[in-house]
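Reckoned from all heavy atoms, side chains included, excluding hydrogens, waters and symmetry mates.
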Amino acid sequence: MTATAGTVERTSEPPHLRVGRRLRVLLGSREILLNLVRKELKVKYTASVLGAIWSLLNPLVYLGVFTFVTHVLGTGIPDFPVYLLSGLLAWNLFSAALTSGARSVLDNANLVKKVAFPHEILPLAAVGVALVDFVLQSAVLFLYVLAFHGLHWPELALWPLAFATLLVLTVALSLWFSAVNVRYRDVGHLLNIGLLVWFWVTPIVYASHQAQRLAEGGTGEWFGVPRFALYLLNPVTPIVEGFHRALYGVVRPAEQAAPVLFDVSLPWLAGVLALTLVASLVLLRFAWGVFFNRSADFAEEL
């Protein structure tokens with residue numbers, strides 16, 4: 001029988017993604033995922049005396065340097081180390097996972113060609129490696145906040161929501177970029193440039209209230225749509241602000257000081273984060289479908 005041109009023939013998988021069935025397949029392959037994460041971590045710290053301790057030293061150095069900068073030069077943001085690292089660690093997880101995830105299929109070409117396994121494991125392993133660093137570094141930051149800044153318990157409830165949203169968005173984009181990068185190799189280079197721009201349009205190193213004030217200044221609208229709402233279309237912005245609000249804790253550090261964080265209520269920010277999480281889940285389903293459909297051709301394209 002002559003096969004229809006352009007049809008992808010799968011011997012052991014459905015022609016289209018079935019989420020429930022695929023989740024069961026991935027769950028059954030969790031040992032492969034864990035082994036890949038272990039392998040990447042071993043490669044990362046090969047011939048290193050301190051090993052994973054380097055992940056703990058990075059935030060300690062940041063905290064020390066920016067504490068010094070705050071006291072000597074001033075930054076205009078009280079407790080700037082807490083503000084900076086609460087957003088920067090989230091960004092580091094996002095950017096590191098995307099950068100390595102986009103190359104995950106290419107870097108494991110021999111494995112893809114010779115071994116039958118769910119290819120989603122490759123970008124998921126890249127996210128897992130970045131997640132290990134994030135967990136270690138976040139533990140250091142939490143101890144610092146607890147000792148020198150103090151935790152704000154109502155705001156701290158935003159942390160799990162912000163983390164879940166960050167993780168879903170990161171997995172979704174890692175799947176999409178890793179699939180597209182197999183065929184279009186320029187995607188990885190464009191991603192590096194895009195992440196550089198993306199970092200600076202996200203309120204990480206500058207007070208997020210500055211961005212809000214600029215967006216709401218003047219008419220405050222573009223074509224009838226509030227500019228602040230358009231600014232929040234960057235999904236990393238509410239995620240980073242969720243981490244800021246959870247760990248930095250207060251919009252206005254002192255009664256006479258200018259606001260540092262978005263001047264919005266806690267329920268409002270939680271609502272925006274929840275909407276971002278829903279949008280990220282929709283994106284995950286779309287990106288996963290793209291990855292699944294393209295994965296049948298990975299061996300031929302590599």
ask   = Listed by chain and number, what are the side chain to side chain donor-acceptor pair (under 3.5 Å) partners of Trp198, not counting sequence neighbours?
value =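 By the side chain to side chain donor-acceptor pair (under 3.5 Å) rule, Trp198 matches Asn234.
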
Would you say [X]'s side chain and [Y]'s backbone share a donor-acceptor pair under 3.5 angstrom?
| X | Y | result |
| --- | --- | --- |
| Glu120 | Leu26 | no |
| Arg285 | Ser280 | no |
| Ser295 | Phe292 | yes |
| Ser208 | Val260 | yes |
| Glu40 | Ala126 | no |

message = Aromatic contact between Trp91 and Phe199, with the criterion being ring centroids under 6.0 Å apart: yes or no?
response =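 Judged by ring-centre distance (under 6.0 Å), Trp91 and Phe199 do meet the cut-off.
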
message = Using 0.5 Å steps for rounding, measure from the OG1 atom of Thr165 to the CD1 atom of Ile239.
response =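 Separation between the atoms: 5.5 Å.
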
key: Trp268, CH2 atom: more than 12 neighbouring heavy atoms under 6.0 Å   =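 Above 12, so yes.
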
Look at the rings of [X] and [Y] and say which category their plane angle falls in: under 30° parallel, 30 to 60° tilted, over 60° perpendicular.
| X | Y | result |
| --- | --- | --- |
| Tyr231 | Phe228 | parallel |
| Phe163 | Trp159 | parallel |
| Tyr83 | His244 | parallel |

